[in-house]
Amino acid sequence: SMWMKNTYIPLDMLFADSQGRIVHMHAGAVPHDTRIISSRAQASLVVELISGSIEKFGIETGDRVMLQAD
């Protein structure tokens, strides 16, 4: 679960499981909003993106997030 209390820009959030599969998305989180934003499924991580990224890049539930270490 997340909130936007101390966040100054609108965000899209991708909630992903331990395998990196997106299990829930929340588009357009509002800056300074204290409402709780929760995943509808068990999630291990959240990726925060600039608002509009979900639509711009065609991201969908079931897509996979891959993190690359340098």
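Residues: numbered from 1 along the sequence shown. Reckoned from all heavy atoms, side chains included, excluding hydrogens, waters and symmetry mates.
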Practice prompt. Please indicate whether Ile36 has more than 12 foreign heavy atoms, meaning atoms of other residues, nucleotides or ligands, lying under 6.0 Å from its CD1.
Written response: yes
Fill in: Nearest-0.5 Å distance that lies between atom CE in Met13 and atom CE in Met4
5.0 Å
Worksheet item: Counting distance only, does the side-chain N/O of Arg64 pair as donor-acceptor with the main-chain N or O of Gln19 below 3.5 Å?
Response: yes
Discussion item. Let me confirm one number: the OG-CD1 distance from Ser53 to Ile59, rounded to the nearest 0.5 Å.
Written reply: 6.5 Å
Worksheet, complete the sentence: For Pro31 and Pro10, the nearest pair of non-hydrogen atoms, with its separation, is CG-N, 3.5 Å
Worksheet item: Are Val47 and Ile54 connected in the hydrophobic side-chain network, where two residues link if heavy atoms are under 4.5 Å apart?
Response: yes
Discussion item. Using 0.5 Å steps for rounding, measure from the CD1 atom of Ile22 to the CG atom of Asp17.
Written reply: 10.0 Å
Item to complete: Dump the intermediate steps for side chain to side chain contact (heavy atoms under 4.5 Å, CB included) on Ser51 and Ile9, then the final yes or no.
Response: CA-CA 8 Å; Ser51 186; Ile9 61 170; over 6 Å; no
Fill in: Heavy-atom pair with the smallest gap, counting every atom of Val65 and Ala16
CG2-CB, 4.4 Å
Response to the item:
Closest non-hydrogen contact found for Arg35 with Trp3 is O-CB, 3.7 Å
Item to complete: Verify the ring-centre separation between Phe15 and His26: is it less than 6.0 angstrom?
Response: no
Worksheet item: Do side-chain atoms of His24 reach the backbone of Ala41 as a donor and acceptor pair under 3.5 angstrom?
Response: no
Worksheet item: Would Glu48 and Met2 count as a side chain to side chain contact (heavy atoms under 4.5 Å, CB included) if you check the C-alpha gap in whole Å, the side-chain angles of each, and the deciding distance to 0.1 Å?
Response: CA-CA 11 Å; Glu48 298 175 344; Met2 311 277 293; 3.0 Å; yes
Item to complete: Evaluate the side chain to side chain contact (heavy atoms under 4.5 Å, CB included) criterion for residues Thr61 and Met25: first the C-alpha distance (whole Å), next the side-chain angles of each, then the deciding distance (0.1 Å), finally the verdict.
Response: CA-CA 7 Å; Thr61 301; Met25 299 185 299; 3.9 Å; yes
Fill in: Nearest-0.5 Å distance, CG of residue Leu45 to CG of residue Leu67
6.5 Å
Worksheet item: How about Ser44 and Ser18: does a side-chain donor come under 3.5 Å of a side-chain acceptor?
Response: no
Worksheet item: Would you say Asp12's side chain and Leu49's backbone share a donor-acceptor pair under 3.5 angstrom?
Response: no
Worksheet entry | Val30 backbone acceptor or donor facing Asp33 side chain under 3.5 Å | no
